[in-house]
Amino acid sequence: MRHNGGLYAVHNRCSHRGCLLSEGELEGAVITCPCHGSQFDVRDGTLVRGPATTGQPVLDVRETNGHIEVRSATRG
């Protein structure tokens, strides 16, 4: 997603029960899981509200020649 000039991506399966976050509601930088209402900040995967107890894995994302590219985050 784009937010305030940045590109962000988190893993699509909710850490709580595996529901698809892509089917949830996005408000600002917070995605709400459609199944149980857990909320995550898409900028860094932080858990905002449960019932989930852990955040979401963050993915590396970039735009190259008009295409969005996403991959597993590199550790550093």
Side-chain angles (χ1 to χ4, degrees):
M1 79 158 284
R2 289 186 193 276
H3 182 72
N4 290 339
L7 284 172
Y8 305 96
V10 294
H11 193 276
N12 192 32
R13 294 269 181 194
C14 179
S15 62
H16 176 240
R17 292 284 185 168
C19 295
L20 295 178
L21 293 176
S22 59
E23 296 178 359
E25 295 285 326
L26 182 65
E27 186 172 328
V30 176
I31 186 80
T32 300
C33 179
C35 293
H36 300 104
S38 294
Q39 294 182 324
F40 307 93
D41 189 318
V42 297
R43 296 170 293 188
D44 60 8
T46 301
L47 175 65
V48 175
R49 185 184 81 188
T53 57
T54 61
Q56 284 298 110
V58 175
L59 305 173
D60 287 338
V61 59
R62 69 181 182 181
E63 186 170 9
T64 304
N65 297 322
H67 292 84
I68 305 295
E69 300 175 340
V70 180
R71 69 176 183 183
S72 296
T74 56
R75 297 186 185 234

Stepwise side chain to side chain contact (heavy atoms under 4.5 Å, CB included) test for Ile31 and Gln39: CA-CA 6 Å; Ile31 186 80; Gln39 294 182 324; over 6 Å; no
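Under a hydrophobic clustering in which Ile, Leu, Val, Met, Phe, Trp and Tyr are joined whenever their side-chain heavy atoms come within less than 4.5 Å, directly or via other members, Leu7 and Val42 fall into different clusters. Under a hydrophobic clustering in which Ile, Leu, Val, Met, Phe, Trp and Tyr are joined whenever their side-chain heavy atoms come within less than 4.5 Å, directly or via other members, Val58 and Val70 fall into different clusters. The hydrophobic clustering, which links ILVMFWY residues whose side-chain heavy atoms are closer than 4.5 Å, places Val48 and Val10 apart.
In terms of the salt bridge (Lys or Arg N to Asp or Glu O under 4.0 Å) criterion, residue partners of Glu69 (sequence neighbours excluded) are, by chain and number, Arg62. A search for salt bridge (Lys or Arg N to Asp or Glu O under 4.0 Å) contacts involving Asp60 returns Arg71, not counting sequence neighbours.
Within 6.0 Å of CD on Glu27 lie no more than 12 heavy atoms contributed by other residues, nucleotides or ligands.
In plain terms, the two heavy atoms of Ala52 and Ser38 that are nearest each other are N-OG, 2.9 Å. The two residues Arg49 and Gly37 come nearest to each other via the heavy atoms NH2-O, 2.7 Å. Closest non-hydrogen pair, Gly45 versus Phe40, comes out as O-CD2, 4.1 Å. Between Ala29 and Arg43, the shortest heavy-atom distance links the atoms CB-NE, 3.5 Å.
Cys19 has its SG atom 2.5 Å or further from the SG atom of Cys33.
Proximity of Arg17 to Cys35: side-chain heavy atoms (C-beta onward) are nowhere separated by under 4.5 Å. Leu47 has its side chain out of reach of His16: every pair of non-hydrogen atoms, C-beta onward, lies at least 4.5 Å apart.
Within the model, atoms NE2 of His11 and CG of Leu20 stand 10.0 Å from one another, a figure rounded to the nearest 0.5 Å. Rounding to the nearest 0.5 angstrom, the gap separating the CG atom in Leu21 from the CD atom in Gln56 is 5.0 Å.
For the pair Asn12 (side chain) and Ser22 (backbone), a donor-acceptor distance under 3.5 Å is present.
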